[in-house]
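Just below is one structure, and these are the notes that go with it.
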Amino acid sequence: GENVEQHPSTLSVQEGDSAVIKCTYSDSASNYFPWYKQELGKRPQLIIDIRSNVGEKKDQRIAVTLNKTAKHFSLHITETQPEDSAVYFCAATYLNDMRFGAGTRLTVKP
Amino acid sequence: DTGVSQDPRHKITKRGQNVTFRCDPISEHNRLYWYRQTLGQGPEFLTYFQNEAQLEKSRLLSDRFSAERPKGSFSTLEIQRTEQGDSAMYLCASSSGTQGGGYTFGSGTRLTVV
């Protein structure tokens, strides 16, 4: 089955800096890669996603890149703000099987 | 319909007792998923329904766990003879079934087995 590795497990940045979280996946059939943000005690919320036929997608300060050949994808957050502090999860999906990475705890220091 | 609803939000139970959780998905979503999340980990897939049919079960779902979605709407997850290792957040998610579509998660049920 699919195995998703996520790095780093924790990330601390200064407000205004950029943050990058990287994930790798094992199943080359996976074709959909969402990213979720989870604040303490709250549900995971979809923040951006990318499909396998696209290499990059951007939504304001958030962007995701996908390298299908290398089977890795990354989340980029620019101009970080304290409210970006949360745990971020990547996931890889084939058909109905969505597997999550272990998460990255991002802390943005004011 | 404002999203995926789960009930209860918190459940504390004694070891050996049975517990049941409920999930109400977004009404137009035909797919429903149960995940378990422990502290510091990503959600782990448990089982998945398309309409009323349970199509996939993880090996994490021991025979003490059973899930139903009798009318293709709400779903229940029952854990029999709870163990301390069952303590976790149980998340429900739904999707419209579009291949590669995002899931909408509920707020989860936090189970503590004492």
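Residue numbers begin at 1 in each chain, while the letters A, B, ... track the order of the sequences. Predicted model only: the values in this text are computed from it and were never measured.
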Hphob cluster co-occupancy, [X] + [Y], side-chain heavy atoms under 4.5 angstrom:
X	Y	answer
V64(A)	L11(A)	yes
W34(B)	F45(B)	no
L91(B)	V19(B)	no
V54(A)	Y32(A)	no
I77(A)	V20(A)	no

Residue part contacting chain A, namely of E44(B), when any heavy atom lies under 4.5 Å:
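No part of E44(B) comes within 4.5 Å of chain A.
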Whatever's closer than 4.5 Å to a heavy atom in chain A on Q41(B) counts as both
Counting C-beta onward and ignoring hydrogens, is there a side-chain heavy-atom pair between Q6(B) and R43(A) closer than 4.5 Å?
no
Do M98(A) and Y33(B) come close enough that some side-chain heavy atom pair is under 4.5 Å?
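No - every pair of side-chain heavy atoms lies 4.5 Å or more apart.
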Which distance, rounded to the nearest 0.5 Å, do you find between the OH of Y35(B) and the CZ of F100(A)?
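So the gap between those two atoms works out to 5.0 Å.
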In terms of heavy-atom proximity below 4.5 Å to chain B, should Q6(A) be classed as side chain, backbone, both, or neither?
neither
State whether the number of non-hydrogen atoms from other residues, nucleotides or ligands found under 6.0 Å of [X] atom [atom1] is greater than 12.
X	atom1	answer
I12(B)	CD1	no
E79(A)	CD	no
E15(A)	CD	yes
R15(B)	CZ	no

Heavy-atom pairs under 4.5 Å with chain B are the metric here; pick the option from S52(A), P44(A), P34(A) that has the most.
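It is P44(A).
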Within residues 82-90 of chain A, which positions have a heavy-atom distance to chain B below 4.5 Å?
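Within residues 82-90 of chain A, the residues that come under 4.5 Å of chain B (heavy atoms only) are F89(A).
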